[in-house]
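Following: one structure in structure tokens, then a few remarks.
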Amino acid sequence: MVLVFAESPRGTLKKAAFEAVTYGKKTADLLGTTCVALTLGTVKNAGELGVYGASRVLNISDGTFDHFDSQAVAAAVATVAQKEGATVVVLSHSSTGKSVAGRLSVRLNAGLVSGVNSLPTVQGAALRVKKSVFSGKAVGEYEIDSAVKVLSLMGNAVKPVAGGAAVSVENVTATPTGRIRVKEVKTQEGTVPLPEAEIVVSAGRGMKDPANWGIVEDLANTLGATTACSRPVADSHWRPHHEHVGQTGIAIRPNLYIAIGISGAIQHLAGVNNSKVIVVINKDPEAPFFKAADYGVVGDLFDIVPRLNESLKKFKAAH
Amino acid sequence: MYVSLGPAKVGFTFPGISYLNHSFSNLFKMKLLVCISQTPDTTAKVSFKSDGKEFDAAGVQFIMNPYDEWYALVRACELRETLGGSVTALNVGPATNETTIRKSLAIGADDAVRINADPQSAGFVAKQIAEYARIQNFDIIFLGKETIDYNGSEVGAMVAEYLDLPYISYASKLELNGNTATLERDIEGGVEVLEVDLPFVVSAAKGMAEQRIPNMRGIMTARTKPLVEVAPVAYEESAKTVQFTLPPAKAGVKLVDPADMDELVRLLHEEAKVI
Ligand SMILES: Cc1cc2nc3c(=O)[nH]c(=O)nc-3n(C[C@H](O)[C@H](O)[C@H](O)COP(=O)(O)OP(=O)(O)OC[C@H]3O[C@@H](n4cnc5c(N)ncnc54)[C@H](O)[C@@H]3O)c2cc1C
Ligand SMILES: Nc1ncnc2c1ncn2[C@@H]1O[C@H](COP(=O)(O)O)[C@@H](O)[C@H]1O
């Protein structure tokens, strides 16, 4: 059986969970077994995981799990994995999954590959998986041969597939063991967090002044995109620190990354070069970013970005 | 640092060493451990040996992993400077890593330990760190949020599980008040504020501290600070590398006429299919 820990930040399952269950279901199909999903705490839409391929959905409803603690979550997931006889455990490579995956591998004496980005291949009793390494500069393929295997799935690596029907949720129990006291969770409501965003509009020092960001935000609004920025922009407090992408910031892999007035330093590319399609707008034709881009526009961003926005609006109105 | 026996910790023992032992032997003296790794320089060209199983280190400059150096190590040194105690830097690696380890002493660690082994995998490294830390009873074990080469983000959670300690990943802030730490942790689209009692394991992200450049005095004293070599413990690998490959080169950029943004929109829709 493939067990998927479907995370539910603030009580709601989101894209990351649907991706993980889709991945778990496809892996289960490869292994000729079933996919079971586990949710923790108060979860609004748990049964919906059936739609993405879970044949059963389990929930530990204890409200203690509403606040994240890796120790409690790992203990609960491991308990269920052992009771239900899971041979593969899948979770999201998110802030939650990253704190839990390593703990699970120790608890279950299981080999772990974190941040996998494609379906496994079956090699007898072993599984082979791929992930991006060296900040996107190489691909590593790994083989896990332990009896139980733990995989954490990179965001945006698989598309959620809604093929099944909702199922009713079964209650299971486990004793929470956490020692962390969560005091407050501060989030930007209304925007898709960067690691989950499918379209990202990002700007750099070429913007000259934080007051100029209106054209970037307008473009992002038209596209339903999340905004990001280069490191010097965050360091000089032109933009909030959580927008900083790159090696020292967040690594993202959206379908579309639009880079405006960013030179494309190697440390910046490290966080964004797994994007499916990259568009670069820069007045310098020699900017290194063009080498990593799929589409490029050479010119003044203050002229180009508003016109791109107008063209997009026209397109959106017609489609 | 004194660690009180709060109710949450009753019955919490490491095999063979009771928690009581931890509390009273370290009265008023905080013991901090910083796990430092060595990685290829950010700008290093990535290539692999001909069998594709191993990174080709020929001609590559190595550095201390930036998260370990800039944030974890510096924050640990700051806490020691204000609260007293000691900072130990720990590396699992071969003797050639000693330049990097000396740098951690120059930045401010009091002593260093090198577990003499090739860091084969996150599981192997975590086991080594945990077995060393188990007998030392550190109050806080610091790591970086991830290594910039294999990008695992795995070691911290494993160490915490081996030692049955709380783990706070991607912490961008850490303040200590007596036995209780207040931390901020980066989560998707925001931050989480939390409290936890000593001891615990934490991985450091941007924001926790400001990078420090070692000064002349630091570099001089680093030479005389203790650097102990420890033998590794056995570990059974359950995941192995099949091969590394370089991603296919980009087809090359398609330049779009800056006067014609309708064309860019058309390409994104019809050709790239991303809008
Ligand atoms: C260890 C390390 C880690 C790092 N980590 C990161 C990281 O995580 N993320 C990151 O981003 N950086 C990181 N950096 C910094 C990185 O090396 C670059 O300095 C940084 O990315 C440059 O930011 P930028 O492209 O916004 O600015 P610049 O390099 O100054 O580029 C500005 C660009 O804007 C263009 N421009 C200017 N005016 C206009 C105009 N009117 N119209 C169109 N184009 C215009 C210019 O041609 C130029 O290409 C790191 C550096 C180090 C050493
Ligand atoms: N060989 C090593 N020796 C000591 N600490 C390490 C080693 N490898 C990784 N670490 C620590 O574990 C953190 C996370 O590494 P990783 O899980 O490999 O991304 C690093 O930032 C270091 O603090």
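By convention in this document, chain letters (A, B, ...) are assigned in the order of the sequence lines, proteins followed by strands, and residues within each chain are numbered from 1.
- Ring orientation note: the planes of Phe134(A) and Phe55(B) are close to parallel, at an angle under 30° on the 30°/60° scale.
- Here the straight-line distance linking atom CZ of Phe68(A) with atom CZ of Arg185(B) works out to 5.0 Å at 0.5 Å rounding.
- Proximity to chain A (any heavy atom under 4.5 Å) is shown, for Leu183(B), by neither the backbone nor the side chain.
- Using a 4.5 Å heavy-atom cutoff, the side chains of Lys206(B) and His244(A) are in contact.
- At distances below 3.5 Å, at least one donor-acceptor pair connects side-chain atoms of Ser114(A) with backbone N or O atoms of Gly152(B).
- Two residues are said to be in side-chain contact when any heavy atoms from C-beta on lie closer than 4.5 Å; Ser105(A) and Met158(B) meet this criterion.
- Of the two parts of Asp69(A), neither the backbone nor the side chain holds a non-hydrogen atom closer than 4.5 Å to a non-hydrogen atom of chain B.
- Residue Val279(A) touches chain B through its side chain alone, counting heavy-atom pairs closer than 4.5 Å.
- Taken from NZ in Lys183(A) to OG1 in Thr182(B), the straight-line distance is 8.0 Å, to the nearest 0.5 Å.
- We find the CG-OG distance between Leu108(A) and Ser238(B) to be 11.0 Å, quoted to the nearest 0.5 Å.
- Within the 4.5 angstrom heavy-atom criterion, only side-chain atoms of Tyr170(B), from C-beta onward, approach chain A.
- Two rings, from Tyr142(A) and Tyr150(B), have their centers 6.0 Å or more apart.
- Residues of residues 241-258 of chain B placed with any heavy atom under 4.5 Å of a heavy atom in chain A are listed by number as Thr241(B), Val242(B), Gln243(B), Phe244(B), Thr245(B), Leu246(B), Pro247(B), Lys250(B), Gly252(B), Val253(B), Lys254(B), Leu255(B), Val256(B), Pro258(B).
- For chain A, the nearby part of Glu184(B) is the side chain; its heavy atoms alone come within less than 4.5 Å.
- No part of Lys45(B) comes within reach of chain A, as not one of its non-hydrogen atoms sits under 4.5 angstrom from that chain.
- In this structure, the portion of Glu196(A) lying under 4.5 Å from any heavy atom of chain B is its side chain and not its backbone.
- Using a 4.5 Å heavy-atom threshold, the side chains of Ile199(A) and Val274(B) count as separate.
- At least one side-chain heavy atom of Ser153(B) sits under 4.5 Å from a side-chain heavy atom of Lys98(A).
- Residues Arg179(A) and Phe200(B) fail the side-chain proximity criterion, which asks for heavy atoms closer than 4.5 Å.
- Glu161(B) contributes atom CD, which lies 12.0 Å from atom OG of Ser99(A) (distance to the nearest 0.5 angstrom).
- Contact of Ala130(B) with chain A is not made at all, since no heavy-atom distance falls under 4.5 Å.
- In this structure, the separation between CD on Glu236(B) and CG on Asn109(A) is 7.5 Å, given to the nearest 0.5 Å.
- Contact count versus chain B (heavy atoms, under 4.5 Å) is highest, among His241(A), Lys149(A), His242(A), for His241(A).
- Using non-hydrogen atoms only and a strict 4.5 Å limit, the part of residues 298-307 of chain A facing chain B consists of Val298(A), Ile304(A), Arg307(A).
- At a 4.5 Å heavy-atom cutoff, the contact between Leu264(B) and chain A is made by side-chain atoms alone.
- Remark: Arg181(A) engages Asp197(B) in a salt bridge, criterion side-chain N to carboxylate O under 4.0 Å.
- Proximity of a side-chain donor or acceptor of Glu192(B) to a complementary backbone N or O of Val182(A) within less than 3.5 Å is not detected.
- Rounded to the nearest 0.5 Å, atoms NZ (Lys137(A)) and CG (Asp149(B)) are 10.5 Å apart.
- Of all the listed residues (Thr191(A), Val185(A), Ile281(A), Ile250(A)), the one sharing the greatest number of non-hydrogen pairs under 4.5 Å with chain B is Val185(A).
- Within the 4.5 angstrom heavy-atom criterion, atoms from both the backbone and the side chain of Ala293(A) approach chain B.
- Most heavy-atom pairs under 4.5 Å with chain B, from the set Val133(A), Leu194(A), Val139(A): that is Val139(A).
- The shortest distance between side-chain heavy atoms of Gln71(A) and Tyr167(B) does not fall below 4.5 Å.
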